[in-house]
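Comments concern the structure below.
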2 protein chains.
Amino acid sequence: MSVHSGTSASGPGVEPGDDVAGGPGGSDHPAAPAVGRATITDVARVAGVSVATVSKVVNGRYGVAAATAERVLGVVEELGYESSLVARSLRRRQTNVIGVLVAEFEPFSTELLKGISAAINGTGYELLAYCGDAGRTDHVGWERRSLSRLAGTLIDGVVIVTPTLALPEHDGVPVVAIDPHTGPTGPATVDSDNLGGARMATEHLIGLGHTRIGYLGGRADLESARLRELGFREAMEAAGLTPDPDLVLEGGYRPDRSDRPTHDLLERPDRPTAVFAANDLSAIHVIQVAQELGLRVPEDLSVIGFDDVPEAAASTPPLTTIAQSLHEMGAEALRMVISMLESDATQPRHTRLPTRLVERASTAPPAA
Amino acid sequence: MSVHSGTSASGPGVEPGDDVAGGPGGSDHPAAPAVGRATITDVARVAGVSVATVSKVVNGRYGVAAATAERVLGVVEELGYESSLVARSLRRRQTNVIGVLVAEFEPFSTELLKGISAAINGTGYELLAYCGDAGRTDHVGWERRSLSRLAGTLIDGVVIVTPTLALPEHDGVPVVAIDPHTGPTGPATVDSDNLGGARMATEHLIGLGHTRIGYLGGRADLESARLRELGFREAMEAAGLTPDPDLVLEGGYRPDRSDRPTHDLLERPDRPTAVFAANDLSAIHVIQVAQELGLRVPEDLSVIGFDDVPEAAASTPPLTTIAQSLHEMGAEALRMVISMLESDATQPRHTRLPTRLVERASTAPPAA
DNA sequence: TTGAAAGCGCTAACAG
DNA sequence: CTGTTAGCGCTTTCAA
């Protein structure tokens, strides 16, 4: 024994002499907790009952004398005791908390979170948003790791945002993927009409008179990115236009990863007159790079994005984009998880929400 | 084909039907876990070693034969094993995860979250944002409950957003409060120059020529709300104006709670020509109510907010507001938690960040 | 009505 | 080098 603090540590509200209810035969317990939260053991000791009794009282089980219950409750109050989520969930099979797994808290995932948060109201569940190994966000499989670490113990069900892998259909807990890796197959999913939205975006540009249009794609492993590119190509071809292969680049949905391709796009002599970026964040970055390069948006370059996160309206100029119902997607994913939790209807469902064009100021006819 | 159990059952709890792999001798093919995540016990069983050995291998401890380690690692891979955060954190004293406690995921807290998420990059910590009893968000003391449930077991340190109570100075884990209840005292805090910002907002309105100005206050229990109202009053008085008591109402920082007072403000015959709302969300709601009432913003009514969340720029018309450095506040809070974690410098620090006026289109001189 | 004891999955002493 | 053992805080039989 080395670094133990003294015997007479006084916990919350426990007097030094308060050596209450030692074990049978006079094993001298140290007094209350030296520091930190009170545990069920502290409550039991101070109340002079067993931990089992405290547990029963706290959980409202029957078979405890009214007087005892009252005394225990008093101590609970006095010590500010609250049961540890961790210990409780290790023992029980249910925690009443829904997890949301994200690679990062950025505008897309936080919009989803707002929708989920609003929808959880009144359901009796709590929300736990987890962001595993931040920084290595490109690390494929982050969601498998997070899932394994949390599922089955901490959380009863889970919403995974933009998973990098096809998820196991059944990992013990209900799983719903938003903007999934594989498209509508495997586990339950919620996504948008990416194909239609991308067509709409491209048609908007074409309708404005653009013919030389660049495409800055998203994360190659995501179904949404695949469909958006497809929608772009389809709309181009439908208009009799052939996408210039040099003008179709990948930006990974992220400003940092789209910086290079954006420069490549805008610095070429025969640069496009318009760019369709696969999400708002990279579209906003395109606007910034264009402006640094001395190009005016939309006079010299039209830019359209995808998502309609609040930041889109806040950019200068405000970004024309394809809106997804982000809040609704989050709310729907939550509803699905809860319904999977509460019924045995294990048929994985796939919900697809509509998209719509939001015209703001970043697009205009090409310069004459 | 058939799997026989080894000579020695691995203890009580093994059901007759359980597939138990042979002990260190039986080289039958491994029995996979029945369902759900694989536990350390599954790995040990399949690899034919003890759980202690698996633990050592997984945690990179010394004293394991290379061959054994390799075999274990193989099984870990095969089973997709990942240690349970819950079980691990119950045993260890450190989890490497920082908690963020919020009452709700709304624009203010999610902006903070974005800043925290960006700042955690490369620190080696993970992020866990927790939203306890959603729905009863006005329940005073939600943060005490969440803190007790998580601190000491699940999280090493915590950032609390807009706590409803004075927090205990030391609850076992480092605590930093953003937009605190008590102002710069007690635990470490991060906030903005609320007083100066509110003055700036009011002066902006006065500078435009408004004299009849309404004030829609924030959550009475928050220091920020107190200071913003004070700043409003000070600026009014400094300009020789006396705030009409009928025009100073409380909106609780929330659209739902500010709806009534907003109507009260705008439906009176002698309604103000301008309103300063204590945060953006209620300011945006003021704009909506005004428009429903047939008032034009800013021609008939000027509106200014506070916070500069992305939604402010997205409103119609775009909201003039006082910007706080929300991302920076989150990042700073995280830095403080981590530094408290890694040093013994327990002197609670208080960081106050500047605010600035962002003029957009919701304010203009009063109609002649 | 109460408490002793087992055990959730894991780590850390300490033996062999 | 490896396994046995003891618990982290809690819930839950099962006996007393």
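Residue numbers begin at 1 in each chain, while the letters A, B, ... track the order of the sequences.
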Winner on side-chain proximity to A:I40, out of C:dT2, C:dC10, D:dC10, is D:dC10
Just compare C:dT11, D:dC10, C:dG3 and give me whichever is closest to any side-chain atom of B:R88.
C:dT11
Under 3.5 Å, is there a donor-acceptor pair linking the side chains of A:R335 and A:S339?
no
Between [atom2] on [N] and [atom1] on [X], what's the gap in Å once rounded to a whole number?
X: A:R45; N: D:dG9; atom1: CZ; atom2: C1'; answer: 13 Å
X: B:Q94; N: C:dA12; atom1: CD; atom2: P; answer: 11 Å
X: B:L154; N: C:dC8; atom1: CG; atom2: P; answer: 20 Å
X: B:N59; N: D:dT2; atom1: CG; atom2: C1'; answer: 16 Å
X: B:R149; N: D:dG9; atom1: CZ; atom2: C1'; answer: 13 Å
X: B:D42; N: C:dC8; atom1: CG; atom2: C1'; answer: 13 Å

By nearest heavy atom, map A:E82 and B:A69 onto DNA chain D; which one lands nearer the 5' end?
B:A69
To the nearest 0.5 Å, what is the distance between OG1 (A:T110) and CD1 (A:I116)?
11.0 Å
Between [N] and [X], is there an OP1 or OP2 to side-chain N/O distance shorter than 4.0 Å?
X: A:Y62; N: D:dT12; value: no
X: B:S55; N: C:dT11; value: yes
X: A:T53; N: C:dG3; value: yes
X: A:T153; N: C:dG9; value: no

Classify [X] by what it touches in the nucleic acid, base, sugar-phosphate, or nothing, heavy-atom distance under 4.0 Å.
X: A:V86; value: nothing
X: B:S83; value: sugar-phosphate
X: B:T68; value: sugar-phosphate

Taking all non-hydrogen atoms of both residues, which atom of [X] and which atom of [Y] are closest, and how far apart?
X: A:H181; Y: A:T164; value: CD2-O, 3.0 Å
X: B:E126; Y: A:C131; value: CB-O, 3.8 Å
X: A:I155; Y: A:T95; value: CA-OG1, 3.8 Å
X: A:P163; Y: A:A177; value: CG-CB, 4.1 Å

Backbone N or O of B:I98 within a donor-acceptor pair of the B:D156 side chain at under 3.5 Å?
no
Do B:T153 side-chain atoms and A:A87 backbone N/O form a donor-acceptor pair below 3.5 Å?
no
Would you call B:L73 and B:V57 a side-chain contact if the rule is heavy atoms closer than 4.5 Å?
yes
Using a cutoff of under 3.5 Å, can you pull out all pairs of nitrogen or oxygen atoms linking the protein to nucleotides 6-8 of chain D, with atom names and distances?
from: D:dG7; atom 1: N2; to: B:R91; atom 2: NE; distance (Å): 3.1
from: D:dG7; atom 1: N2; to: B:R91; atom 2: NH1; distance (Å): 2.9
from: D:dG7; atom 1: N3; to: B:R91; atom 2: NH1; distance (Å): 3.4
from: D:dC8; atom 1: O2; to: B:L90; atom 2: O; distance (Å): 3.4
from: D:dC8; atom 1: O2; to: B:R91; atom 2: N; distance (Å): 3.3

More than 12 heavy atoms of other residues, nucleotides or ligands under 6.0 Å from CD of B:E77: yes or no?
no
For nucleotides 13-16 of chain D, give me every protein contact, N/O to N/O, under 3.5 Å, one pair per line with atom names.
none

